[in-house]
Amino acid sequence: MTATRGLLRAYIDETGDRGIQPSSSPFFAFAAVVTPDEAEADLRAAMSSLRRDLKVPAGKALHWNQHVKTHARRQYVAGVLAQLADVQLIYVIVEKAAIPASAEMRRDHAVFYNYAAGIVMERILLSAGNWPGGSRNVVTRFGHVRGFDHRKTEAYFQIKKTLPGTFVPWGLISGRVHFDDQAAWDGLQAADQYAGMLWAALKADEFGGYDESHLMKIRHQIRRDAAGRSRNYGFKILGNEATFTGLPWWPQGGL
């Protein structure tokens, strides 16, 4: 008898915008929170306590940019989420200045979004295929982007799934990929918090300073290889590596 494969739940949210204009954000990134189905109750309990302690109105989603503006609040959120034991965190960052001038990503927001979404999906599925204790199926939920046709994203995933020679276990997707409102899912709200921590570490403030302290609190949750390296596992850079390794706070041994 074949053993039933376990289940993971992956929640993905974005930070930054997809514009290429001078006024646009320098980066666009996805943050994915991957947790076993049996540990999701812990994630939900953590988010419930954060909404209560931060006095988020009932029925409203916890948003980093709305409810977690101060350093003290951000440290509190990072401290609560850092205690979650069964979480693998995946970041995919696009450095816009490194996108070739001829790339379609510069002209089409859907191409931009779908390309980055495909990379984060690959990392999620590789995580599922190598999950401790054996491979698992994964239910994936992206935060819904207002005004965006996510059917194009689903179609793009289908194309990637059928590419010859792919090493990504696309067959581990359980059901269809979902695109949902944050308020309906604690995991999406958690992904929003993790995305905010990344943004605070990457984007210089008006005085040229960075606030990496929140990201460093949850650093241990980032997906790694057997040697403990996050690069290309839980921290995927689409751009110039020196842009990130040259940050004043960047750890000597890598993130």
Side-chain angles (χ1 to χ4, degrees), residues 6-18 28-52 54 56-68 77 80-81 84 86-92 94 109-125 127-128 136-161 170-199 221:
L7 187 67
L8 297 174
R9 297 191 180 275
Y11 299 96
I12 309 102
D13 198 36
E14 62 184 89
T15 185
D17 58 60
R18 285 164 275 129
F28 175 85
F30 280 114
V33 180
V34 186
T35 190
D37 184 56
E38 64 271 19
E40 190 181 28
D42 295 332
L43 176 63
R44 296 188 66 182
M47 296 310 299
S48 179
S49 69
L50 286 173
R51 285 193 299 272
R52 181 194 64 234
L54 298 176
V56 177
K60 298 292 185 181
L62 172 63
H63 289 292
W64 178 268
N65 289 333
Q66 183 177 352
H67 305 108
V68 197
V77 168
V80 169
L81 293 180
L84 294 172
D86 293 310
V87 161
Q88 281 194 13
L89 184 61
I90 296 168
Y91 287 118
V92 171
V94 180
H109 284 193
V111 171
F112 187 122
Y113 178 95
N114 293 339
Y115 180 76
I119 299 295
V120 77
M121 275 296 302
E122 288 178 344
R123 294 299 175 279
I124 290 168
L125 291 167
S127 175
R136 293 192 176 211
N137 293 327
V138 57
V139 176
T140 54
R141 296 186 186 278
F142 283 77
H144 175 72
V145 179
R146 185 180 303 172
F148 191 84
D149 186 358
H150 287 293
R151 291 173 297 182
K152 294 181 179 179
T153 309
E154 293 182 88
Y156 179 68
F157 291 162
Q158 288 300 316
I159 293 171
K160 288 184 72 70
K161 181 178 180 179
W170 287 92
L172 294 180
I173 297 176
S174 180
R176 60 176 294 184
V177 177
H178 303 273
F179 299 88
D180 294 316
D181 183 72
Q182 277 191 352
W185 296 94
D186 290 308
L188 289 177
Q189 294 173 55
D192 174 84
Q193 303 307 300
Y194 283 110
M197 295 179 212
L198 175 69
W199 189 257
Q221 295 174 324

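Model, not experiment: these values are computed from the prediction.
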All heavy atoms of V33 vs all of A190, minimum pair found to be CG2-C, 4.3 Å
Beyond-backbone contact of W170 with M121, side-chain heavy atoms, under 4.5 angstrom: yes
Would you say Q182 and L188 make side-chain contact, with heavy atoms under 4.5 Å? yes
Looking at CH2 of W64 and CG of D13, how far apart are the two atoms once the value is rounded to the nearest 0.5 Å? 12.5 Å
Measuring from L8:CG to T140:OG1, what's the distance to the nearest 0.5 Å? 11.0 Å
Under the 3.5 angstrom rule, does the side chain of Q221 hit a backbone N or O of L81 as a donor-acceptor pair? yes
Minimum side-chain heavy-atom gap M197-V77 below 4.5 Å: yes
Rounded to the nearest 0.5 Å, how far does NE2 of H150 lie from OH of Y156? 15.5 Å
Is there a side-chain contact between Q66 and K60, using heavy atoms and a 4.5 Å cut-off? no
Side-chain contact, heavy-atom cut-off 4.5 Å: V94 with F112? yes
Taking NZ, NE, NH1 and NH2 as the nitrogens, is one of them in R51 or D186 under 4.0 Å from a carboxylate oxygen of the other? yes
Going by heavy atoms in the side chains, are L62 and D192 under 4.5 Å from each other? no
Residues in ring pair (Phe, Tyr, Trp, His ring centres under 6.0 Å) with F30, at least two apart? F28, Y113, F142
Do you know the tightest heavy-atom contact between G187 and L43? CA-CD2, 3.9 Å
Flag the pair E40 and R141 as a salt bridge only when some basic side-chain nitrogen lies within less than 4.0 angstrom of an acidic carboxylate oxygen. no
Would you compute the distance between atom NZ of K152 and atom NE2 of H109 and round it to the nearest 0.5 angstrom? 12.5 Å
What's the separation between atom CG in D37 and atom CZ in R136, rounded to the nearest 0.5 Å? 8.0 Å
Between N114 and T153, is there a side-chain donor-acceptor contact under 3.5 Å, judged purely by atom types and distance? yes
